[in-house]
Amino acid sequence: MLDIQRIRQDTDAVKKGLALTGTDSAIIDQILALDAQRRSLQQEGDELRAQLNNQSKNIGREKDADKRQALISAVGTLKDKLRELSSEVPKVENAFETLMLSIPNIPLPEVPVGEGESGNTEKAVFGDLPEFDFPPKPHWELMEELGIIDFERGQKISGSRFYVLKGQGARLQRALISWMLEVHTEQHGYEELYPPVMVRQECLVGTGNLPKFGENLYRDIEGEHWFVPTAEVPVTNFYREEIIPVASLPIKHVAYTPCFRREKMSHGKDTRGIKRGHQFDKVELVRFEHPDNSRAALEELTEHARKLLTMLGLRHRVLTIGAGDLSFVACMKYDLETWAAGTSEWLEVSSCSLFQDFQARRAKIRFKDNDGKNKFVHTLNGSGLALPRIVISIIEHYQQKDGSIRIPEVLRPYMGGQEFITRSSS
RNA sequence: GGGGAGGUGGCCGAGUAGGUCGAAGGCGCACGCCUGCUAAGCGUGUAUACUUAACGGUAUCGAGGGUUCGAAUCCCUCCCUCUCCGCCA
């Protein structure tokens with residue numbers, strides 16, 4: 001959510017910023033109109049209530065029964081006016097609130113401009129292309145041949161876009177989870193959380209998934225809980241409606257959770273393999289920062305995620321996401337993509353975003369600054385990393401001529417010291 | 001799922017025949033004074049949001065609704081916590 005003060009004071013700048021994201025800035029005029037209306041209604045109401053409160057005190061002081069009765073009946077008109085007014089207020093407030101929640105964040109000035117994905121720019125590429133003296137295969141073939149995945153039974157159990165990891169496949173994913181958590185906790189200073197993956201609706205409003213993007217979410221049939229599309233939701237909301245002492249900033253959390261997405265928007269897309277499922281696992285980094293440090297924290301966070309790719313020895317690149325492709329809540333974002341050697345494409349394995357106070361304002365996450373004032377923290381998050389896609393990249397990058405997979409060295413301690421995943425080792 | 005207790009400010013804790021209570025008191029914290037240092041002591045201050053140029057105003061005592069001129073205090077609904085019993089991984 002944007003600051004209404006900012007919308008009032010820097011109206012033109014806000015409109016220009018929104019235009020970059022492809023948002024019709026007419027919404028700002030509607031908001032300003034509602035804001036004015038809402039404020040005048042509020043003032044009117046406050047004044048009436050002030051009078052009423054005042055009169056009531058007089059009644060309390062009056063001991064004489066007759067005079068008292070006279071005073072009581074005199075208040076009647078005030079009450080009528082107030083009743084009338086208070087039926088108006090919620091309508092305006094709701095309209096105002098709804099619009100406020102539907103405006104996206106504004107890109108930072110340094111974000112490349114461009115419609116859609118055209119503004120995305122490659123910041124850097126790391127690592128070499130793997131060389132093969134045989135035609136490399138896609139992961140779904142390799143994994144099936146190794147017997148470390150079962151697509152058919154996944155579909156039998158749950159339908160399309162589901163699969164079952166088996167044997168060394170399941171173990172590889174588990175190894176990645178443990179390893180990533182340990183790198184982030186031990187080397188990067190993040191505290192691990194294991195949060196609920198079913199959350200109340202308010203949490204999703206806080207992170208900006210609702211009210212606009214509910215169609216991509218699962219919820220239980222009673223409607224009380226929603227399944228999280230990412231650990232960002234419960235971890236960010238860990239501090240919802242709290243005031244954090246400034247000395248505790250920055251707060252850095254890492255969390256491993258399953259994630260659930262309907263993928264309604266992209267049905268038919270990426271249907272082969274494990275690239276896009278309704279359920280997948282992810283290790284997520286979430287940070288709460290003082291506004292002065294948040295921009296630098298984005299670089300650090302991105303490096304923390306990227307370091308894993310380096311350690312795994314995978315070719316990867318960093319994209320600076322352009323204004324037209326920013327998510328609803330982000331004002332700056334880097335994507336990390338790894339090279340999938342079997343399908344020859346870049347896979348997004350991490351999305352590192354700076355939200356500034358956009359989420360904090362929605363979720364009311366504040367800190368008490370040294371001047372004694374409560375301010376909104378800045379939030380950031382990034383995957384570190386998304387599991388199925390990292391599995392893809394490892395399988396395809398490290399495939400051998402005989403169809404076995406060489407396990408990256410950093411993972412071997414988590415895989416019982418094995419060097420290869422072979423048909424027989426599964 | 002059934003029975004009992006309870007939800008007040010950063011924390012503890014008053015406040016039930018409805019009235020000047022945003023809320024006593026204590027602790028904690030901040031600033032100042034005092035003090036050779038420390039400790040103790042003294043004084044002042046110490047919720048949040050919206051609104052106002054400012055003084056100020058309004059709202060909030062788990063949430064929502066109701067009664068009333070007026071509610072932390074009465075009524076209704078819901079949520080949550082603790083606890084006893086049942087059930088269960």
Side-chain angles (χ1 to χ4, degrees), chain A residues 1-9 11 31-101 194-206 210 219-220 222-226 234 237-249 251 258 288 357-377:
Chain A
M1 196 156 62
L2 298 178
D3 185 359
I4 183 62
Q5 311 277 1
R6 181 178 173 194
I7 296 176
R8 279 184 212 143
Q9 284 157 21
T11 309
I31 282 179
L32 286 173
L34 284 168
D35 180 47
Q37 206 183 340
R38 151 183 162 263
R39 278 193 292 169
S40 82
L41 280 176
Q42 194 198 345
Q43 270 186 55
E44 214 177 313
D46 283 359
E47 234 160 78
L48 287 173
R49 256 180 297 263
Q51 286 179 37
L52 190 62
N53 286 345
N54 206 11
Q55 306 268 6
S56 295
K57 282 178 188 171
N58 288 337
I59 292 169
R61 273 190 285 261
E62 183 56 64
K63 300 298 181 210
D64 183 86
D66 287 345
K67 286 183 183 171
R68 201 182 164 95
Q69 203 46 52
L71 284 172
I72 289 174
S73 44
V75 183
T77 49
L78 266 182
K79 288 205 66 174
D80 290 343
K81 274 196 220 167
L82 201 53
R83 216 189 303 274
E84 208 177 304
L85 198 65
S86 48
S87 68
E88 277 304 305
V89 172
K91 292 182 204 160
V92 178
E93 296 245 287
N94 286 341
F96 175 75
E97 196 68 15
T98 305
L99 287 185
M100 285 298 282
L101 287 174
Y194 180 79
V197 295
M198 296 164 72
V199 299
R200 302 165 175 281
Q201 184 166 321
E202 300 92 275
C203 293
L204 290 150
V205 174
L210 288 177
R219 63 192 301 188
D220 77 356
E222 308 280 324
E224 295 192 0
H225 287 112
W226 297 68
N237 279 279
F238 193 63
Y239 297 99
R240 183 156 54 90
E241 285 158 42
E242 291 193 22
I243 297 170
I244 300 166
V246 67
S248 342
L249 297 177
I251 294 173
F288 303 83
D357 60 4
F358 191 87
Q359 290 183 323
R361 179 168 275 111
R362 288 171 162 249
K364 298 189 181 66
I365 306 169
R366 292 169 293 181
F367 70 99
K368 199 176 274 295
D369 208 349
N370 288 323
D371 58 13
K373 292 201 171 139
N374 292 334
K375 299 174 183 167
F376 290 107
V377 301

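- Under the Watson-Crick or G-U wobble criterion, with both distances below 3.5 Å, B:A17 has no partner in any strand shown.
- Look at the C1' atom in both B:C61 and B:G7: the space between them is 10 Å, to the nearest Å.
- Nucleotides B:A54 and B:G43, compared at atom C1', are 29 Å apart to the nearest Å.
- For the pair A:Glu242 and A:Arg366, the salt-bridge criterion is not met [side-chain N within less than 4.0 Å of a carboxylate O].
- Shown here, B:G70 forms no base pair; nothing in the strands shown gives a Watson-Crick or G-U wobble contact with both key distances under 3.5 Å.
- Taking CZ from A:Phe367 and CZ from A:Phe376, the interatomic distance works out to 10.5 Å, rounded to the nearest 0.5 Å.
- With both ends at atom P, the span from B:A5 to B:C74 equals 15 Å, rounded to whole Å.
- Between A:Arg240 and A:Glu202 the shortest side-chain heavy-atom distance falls below 4.5 Å.
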Nucleotide by nucleotide, nucleotides 64-75 of chain B touches protein heavy atoms under 4.0 Å in the pattern (B base, S sugar-phosphate only, - none) -----BS-----
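- Interatomic distance, NZ of A:Lys364 versus CG of A:Asn237, reported as 11.0 Å (0.5 Å rounding).
- Spacing between B:U73 and B:U16 at atom P, rounded to whole Å, works out to 12 Å.
- The separation between A:Arg240 atom CZ and B:C80 atom P is 13 Å, rounded to whole Å.
- Look at B:A30: its Watson-Crick or wobble partner, with both distances under 3.5 angstrom, is B:U44.
- The pairing partner recorded for B:G86 is none, the criterion being a Watson-Crick or G-U wobble arrangement whose two distances lie under 3.5 angstrom.
- Using atom C1' as the reference point in both B:C85 and B:A71, the two lie 37 Å apart (nearest Å).
- For the P atoms, the distance from B:A72 to B:U8 is 16 Å, rounded to whole Å.
- With a cut-off of 3.5 Å on both pairing distances, B:A39 has no Watson-Crick or G-U wobble partner at all.
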Nucleotide by nucleotide, 5' to 3', does protein get under 4.0 Å of the base (B), only the sugar-phosphate (S), or neither (-) in nucleotides 46-56 of chain B, counting heavy atoms? --SSBSS----
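- Comparing the same atom, P, in B:U67 and in B:C84 gives a spacing of 41 Å after rounding to whole Å.
- Nucleotide B:G6: paired with B:C80 (Watson-Crick or G-U wobble, both distances less than 3.5 Å).
- To the nearest 0.5 Å, the span separating CD1 on A:Ile4 from CG on A:Leu32 amounts to 6.0 Å.
- Nucleotide B:G25 forms a Watson-Crick or G-U wobble pair with B:C12, both donor-acceptor distances falling under 3.5 Å.
- The separation of B:A40 from B:C80, taken at their C1' atoms, amounts to 43 Å, rounded to a whole angstrom.
- Separation of atoms CG (A:Asn374) and CG (A:Asp369) is listed at 9.5 Å; rounding is to 0.5 Å.
- When rounded to the nearest whole Å, the span between CZ of A:Arg200 and P of B:C78 equals 16 Å.
- Summarising the base pairing, B:U58 is matched to B:A49 through a Watson-Crick or G-U wobble pair whose two defining distances lie under 3.5 Å.
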